[in-house]
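Please read the structure below before turning to the comments.
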Amino acid sequence: MKLIRNEIGFKKRTKVLILVCAAILILAISILCIEISKKTKQSIENLVRDDIISISVQNAIIVREELGEKQRFLQALVDDIRSNGFTTEQEILKKLEVYISHYNFYDIGILYPNGICHKVGGDVVDLSQKDYYKKSYQGGSLITESYLSEGGEEVQLNILLAPIMFDGEVKLVLTATYRSNDFAELVNIKSFQSEGQSLIIDSEGKSVVTLQDYKNKEYSDMLNFINSNSELRPSEESGENNYFTFTYKGREYLSYMAEIGIEDWYLMSYVDKQEVFSNVWDMEQNVITHMVISAAIIILILLISLHVYHRYQRKIQSVVFYDELLGEKNYEYLRLYFRNMKQEEREQSTLMVFDIDRFKVLNLSYGREKGDVLLQYVHDIFREELPEDQLFRNRSDHFVALIKKASKDEVERKVKKLIWRLETDIEEGRVVSFSLSFGICQMQGIKDIRTAYTNAMIAKNTVKYNQIIKYAFFDDDLRAFSMQNQEMEASFNHAIQNGEFHVFYQPKFDMRTGEVVGSEALVRWVKPDGKIISPAKFIPCFESCGKIIQLDETMLEMVCTQMKEMISQGIDVKRVSVNLSRVHLKQPHITQKIKNTIRRFDINPSKLAFEITESALQENITMKKIVKELHDMGCRVDMDDYGTGISSLYSLANNDFDFIKLDKSFIDHIGDSKMESVIKSTIDLALRLNLGLVAEGVETREQVDFLMENGCYYAQGYYYSKPITKDEYMNLLKNTADV
Ligand code: C2E
Ligand code: CA
Ligand code: CA
């Protein structure tokens with residue numbers, strides 16, 4: 001499992017990378033939060049600054065307008081008095097009285113040169129000690145700072161003074177008092193959700209208009225602070241220069257001083273920064289909280305996804321690398337394992353492949369479930385007998401074992417141990433009778449598992465149907481054999497195009513008359529140098545690589561072409577048997593293809609027979625269907641090599657063949673009395689089943705006599721003729737008659 005994880009799962013590096021990514025994400029989010037917070041604060045401070053400037057400027061304009069209006073009114077009165085001549089005090093006071101309420105004055109009066117002021121209501125006050133009295137008699141109209149009214153109710157007032165000049169001399173001064181509190185109403189001192197405050201101060205920082213209760217301690221403390229803090233002085237230039245921040249009682253304030261344009265008065269607005277930012281901080285906290293939650297969710301989703309992906313991968317791995325039936329690792333795992341092996345370790349290892357002989361037949365005979373039990377059994381005995389070695393299943397009944405650090409003798413001992421165990425179990429009835437075939441490849445000098453596997457398979461195939469020898473090592477002979485196979489495979493296409501494959505005909509004879517009754521088409525590979533390669537060499541090679549299909553099709557086409565040629569020459573062409581490899585039986589639409597070829601060459605199907613090797617029966621259940629389809633076409637079907645397989649009787653009864661060809665290995669035993677009785681009963685059985693009989697490999701007169709005595713009349717063998725060329729065959733046919 002560790003190996004798979006290392007190879008396919010998350011490597012440590014990947015995990016670290018994921019953690020680093022998560023950490024970077026968190027860091028990035030933190031930096032982003034800080035940046036957002038900074039930027040938000042900065043832009044809010046900018047907004048507050050702009051607000052405070054515009055509110056201060058607006059309020060300053062309002063104050064200037066209000067006072068300006070009153071000043072203009074007083075000036076108009078002054079002008080009126082001057083133009084109408086100097087009337088009596090009563091007249092003037094009477095005139096002024098009308099305007100008190102209109103202009104919202106506290107009172108209006110006439111200030112005489114001696115400093116005595118006569119007010120509209122009749123009150124008389126002595127202002128001779130006041131600065132503004134002196135200043136006003138020096139000729140300038142002015143407005144005083146707030147002062148507390150004398151006598152009566154305590155009110156904070158500001159006085160507007162307008163001198164009346166005659167002949168360049170101040171004769172009288174008009175006074176109009178205004179409640180400082182009324183400024184407070186004009187000035188929108190509460191702004192920023194009631195957190196902002198305003199003051200009217202002069203350029204020295206002294207309060208000139210009391211906008212709040214003058215007894216209010218907080219207010220007067222702030223006034224004193226501003227007054228005593230020399231840094232809080234308006235700049236001569238207006239604009240942003242008058243924007244300040246200051247700290248008062250440990251709190252930071254944002255402030256602006258707007259020039260009012262009257263005297264040296266400034267309207268100062270200020271706001272507690274913390275108060276303004278408290279909402280922002282709330283907001284900021286919200287944003288940060290949301291971001292942190294989002295980040296946490298993202299990371300969580302990321303981790304969950306990774307976890308799910310990881311699990312999914314593991315599942316896939318278990319499907320890819322494990323064999324469900326046996327709970328064993330499979331060949332894919334071995335490939336992975338091999339990749340991770342050191343070359344030195346590989347060199348000392350041995351790969352062993354093995355399978356159950358005729359597993360398909362066993363599966364068919366006993367059922368799939370029993371087949372699975374057999375596989376489990378093979379797995380179990382391996383585990384019990386060779387516990388230190390590793391076993392992998394490839395597909396179906398194909399097992400692969402990896403044996404480490406073992407000499408050839410040790411490996412041989414191990415294989416024998418397995419075979420002995422199997423034989424004992426069969427003998428003692430613990431398992432049904434079956435055999436295993438082993439192919440072994442020592443991996444010295446081999447770098448890839450594929451080569452080792454192929455070599456072991458080649459070795460195994462040499463003992464596949466051998467009843468006695470059940471294991472083979474891949475040795476130098478096999479190496480040469482496999483090299484030869486590779487060369488043959490590589491040159492196949494060129495050989496086909498080059499017409500290197502030829503048809504030879506081996507005639508079949510009626511032993512009674514000595515006449516030719518037909519022939520078998522046998523392929524010959526004639527190399528450009530004239531060397532002939534035996535089909536016994538290349539047929540198994542082309543069968544294993546699949547090229548046999550193309551070769552058999554070519555053979556059929558050549559046979560059809562040559563038959564046409566014979567017919568055109570007026571030769572009474574006999575039936576030709578064409579071999580069909582067992583590989584064909586796995587091909588879909590094989591009979592349709594044959595049909596098309598026969599039609600294309602316009603050959604009478606009854607002039608053709610197909611030979612299907614008997615061992616093919618054991619592996620293919622579609623055989624019956626193919627035999628039927630060939631019959632339907634009008635062709636004859638012969639069972640080839642009868643007597644070499646294990647289930648000949650079964651296949652005889654189960655398939656609808658026309659002829660059986662007694663294998664040479666049977667005929668060779670003529671003379672051996674035991675075998676002769678087997679041959680006799682086989683002939684007898686075939687005749688009972690209404691099957692035709694051809695003896696193959698007949699070489700002697702003795703064999704001919706024996707066969708004829710026992711009812712087999714047709715033969716193919718060197719006794720009569722070796723396979724011959726087309727021309728030789730044509731000459732032979734010219735003198736024989738059809739059967
Ligand atoms: P087979 O189908 O059993 O063909 C008979 C083989 O026995 C031929 O060998 C033939 O030359 C040989 N033979 C015949 N009479 C005698 C005899 O009296 N003594 C001896 N010692 N041998 C005899 P060949 O031509 O070498 O073919 C070998 C095998 O190659 C064939 O066995 C057949 O299985 C396969 N084969 C040949 N041609 C083709 C083909 O076109 N297609 C396919 N699929 N297989 C072919
Ligand atoms: Ca044959
Ligand atoms: Ca044969």
Side-chain angles (χ1 to χ4, degrees), residues 465 488 492 495-496 500-509 511 516 518-526 532-562 575-587 590 593-594 597 608-617 620 626 636-645 648 657-670 692-704 707 714-726 728-729:
Y465 293 105
M488 286 194 294
F492 176 80
I496 283 269
E500 290 175 21
F501 294 105
H502 294 262
V503 187
F504 270 54
Y505 296 86
Q506 187 174 31
K508 294 176 185 176
F509 290 83
M511 292 182 276
V516 178
S519 64
E520 178 179 5
L522 292 161
V523 66
R524 293 289 177 269
W525 187 350
V526 185
I532 297 176
I533 310 177
S534 156
K537 262 188 182 168
F538 62 81
I539 296 288
C541 164
F542 294 155
E543 276 185 338
S544 72
C545 69
K547 293 205 186 303
I548 189 71
I549 291 166
Q550 200 185 340
L551 180 63
D552 278 357
E553 280 169 9
T554 309
M555 279 293 285
L556 180 61
E557 282 177 12
M558 287 194 290
V559 165
C560 288
T561 313
Q562 293 174 6
R575 196 193 308 261
V576 181
S577 303
V578 177
N579 289 286
L580 272 191
S581 160
R582 69 178 95 180
V583 180
H584 260 112
L585 308 179
K586 291 172 188 160
Q587 274 290 101
I590 166 203
K593 271 189 176 171
I594 293 171
T597 309
L608 281 171
F610 290 94
E611 294 187 9
I612 300 172
T613 186
E614 195 243 346
S615 62
L617 303 181
N620 205 290
I626 290 170
R636 205 178 80 186
V637 190
D638 299 351
M639 181 192 281
D640 205 355
D641 303 338
Y642 183 81
T644 53
S648 304
F657 288 94
D658 301 294
F659 265 69
I660 59 170
K661 294 186 79 180
L662 290 177
D663 192 66
K664 185 172 177 294
S665 55
F666 259 162
I667 310 304
D668 285 347
H669 285 92
I670 291 175
L693 271 167
V694 182
E696 265 193 302
V698 177
E699 291 178 339
T700 64
R701 181 71 230 175
E702 188 200 353
Q703 289 168 345
V704 173
L707 288 164
Y714 300 113
Q716 176 186 345
Y718 291 178
Y719 180 77
Y720 290 101
S721 168
K722 284 196 169 187
I724 50 178
T725 63
K726 177 197 74 182
E728 288 168 336
Y729 183 53

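Each ligand, and each atom within it, is numbered from 1 in the order the structure gives. By convention here, the first residue in the shown sequence is residue 1. In what follows, every heavy atom counts, from backbone to side chain, and hydrogens, waters and symmetry copies are set aside.
- For atom 4 (O) of ligand 1, the nearest protein heavy atom is under 4.0 Å away.
- Remark: the backbone N or O of Gly717 is not paired with any side-chain donor or acceptor of Ser721 at under 3.5 angstrom.
- From Ile660, atom CD1 reaches atom CG of Leu693 across 4.5 Å, with rounding to the nearest 0.5 Å.
- Those atoms of ligand 1 that come under 4.0 Å of a heavy atom in Pro723, given as number and element, are 11 (O).
- Close approach of ligand 1 to Gly717 is summarised as follows: ligand atoms under 4.0 Å from at least one heavy atom of the residue are 15 (N), 18 (O).
- Taken to the nearest 0.5 Å, the CG atom of Asp641 stands 12.0 Å off from the CD1 atom of Ile612.
- Residue, atom and distance of the protein heavy atom nearest to atom 21 (N) of ligand 1 are Lys664 CE, 3.2 Å.
- At a 4.0 Å heavy-atom cut-off, ligand 1 touches Ile539 through the side chain alone.
- When only interatomic distances are considered, the shortest N/O to N/O separation between Tyr718 and ligand 1 falls below 3.5 Å.
- Residue Met555 places no N or O, backbone or side chain, under 3.5 Å from any N or O of ligand 1.
- Between the side chain of Asp638 and the backbone N or O of Asp640 there is no donor-acceptor pair closer than 3.5 Å.
- When non-hydrogen atoms are compared, ligand 1 lies under 4.0 Å from the side chain of Asp552 (C-beta onward) but not from its backbone.
- Within the 4.0 Å heavy-atom criterion, neither part of Leu551 lies near ligand 1.
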Worked check of side chain to side chain donor-acceptor pair (under 3.5 Å) between Tyr729 and Ser519: CA-CA 9 Å; Tyr729 183 53; Ser519 64; 3.1 Å; yes
Would you give me the side-chain donor-acceptor pairs under 3.5 Å for residues 537-550, sequence neighbours excluded?
| from | atom 1 | to | atom 2 | distance (Å) |
| --- | --- | --- | --- | --- |
| Glu543 | OE2 | Ser581 | OG | 2.8 |
| Ser544 | OG | Cys541 | O | 3.0 |

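- Contact annotation for Glu696 and ligand 1: only side-chain heavy atoms (C-beta onward) come within less than 4.0 Å of the ligand.
- Side-chain polar atoms of Glu728 and Thr725 form a donor-acceptor pair below 3.5 angstrom.
- With 3.5 Å as the limit, one finds no donor-acceptor pair spanning the side chains of Ser577 and Lys661.
- Looking at atom 27 (O) of ligand 1, its nearest protein heavy atom turns out to be Pro535 CG, 3.5 Å.
- You'll find the side chain of Val694 stays beyond 4.5 Å of the side chain of Leu662, heavy atoms only.
- A cation-pi arrangement, defined by a distance under 6.0 Å to the six-membered ring centre and an angle within 45 degrees of its axis, is present between Lys722 and Tyr718.
- Contact annotation: the side chain of Lys664 approaches that of Glu699 to within less than 4.5 Å [non-hydrogen atoms, C-beta and beyond].
- For atom 29 (C) of ligand 1, no protein heavy-atom neighbour is present inside the 4.0 Å cut-off.
- With a 4.0 Å cut-off on non-hydrogen atoms, Val578 does not touch ligand 1 at all.
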Verdict with supporting geometry, Gln506 and Tyr720, side chain to side chain donor-acceptor pair (under 3.5 Å): CA-CA 9 Å; Gln506 187 174 31; Tyr720 290 101; over 6 Å; no
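- Gln506 OE1, 3.7 Å is the protein heavy atom nearest to atom 10 (C) of ligand 1.
- Going from atom OG1 of Thr613 over to atom CG of Asn579 covers 8.5 Å, rounded to the nearest 0.5 Å.
- Protein heavy atom at the shortest distance from atom 8 (C) of ligand 1 is Leu522 CD1, 3.8 Å.
- At least one heavy atom of Arg524 sits less than 4.0 Å from an atom of ligand 1.
- At least one side-chain heavy atom of Val704 sits under 4.5 Å from a side-chain heavy atom of Tyr719.
- Ligand 1 has an N or O atom lying under 3.5 Å from an N or O atom of Glu699, backbone or side chain.
- For atom 42 (N) of ligand 1, the nearest protein heavy atom is under 4.0 Å away.
- Protein heavy atom closest to atom 38 (N) of ligand 1, with residue, atom name and distance, is Val523 N, 3.1 Å.
- For Arg636 and Phe659, the positive end sits near the middle of the six-membered ring, less than 6.0 Å away and at most 45° from its axis.
- Judged purely by atom type and a 3.5 angstrom limit, Gln703 uses its side chain to pair as donor or acceptor with the backbone of Thr700.
- If you number the atoms of ligand 1 from 1 as listed, the ones under 4.0 Å from a heavy atom of Asp641 come out as 3 (O).
- At a heavy-atom distance under 4.0 Å, only side-chain atoms of Glu520, from C-beta outward, approach ligand 1.
- Residue-and-atom listing of protein N/O/S atoms under 3.0 Å from the Ca ion (ligand 3), sorted by chain and number: Asp640 OD1, Asp641 OD1, Glu696 OE1, Glu696 OE2.
- A salt bridge does not link Lys508 to Glu520: none of the charged nitrogens lies less than 4.0 Å from a carboxylate oxygen.
- Within a 4.0 Å radius of atom 19 (N) of ligand 1, the protein contributes at least one heavy atom.
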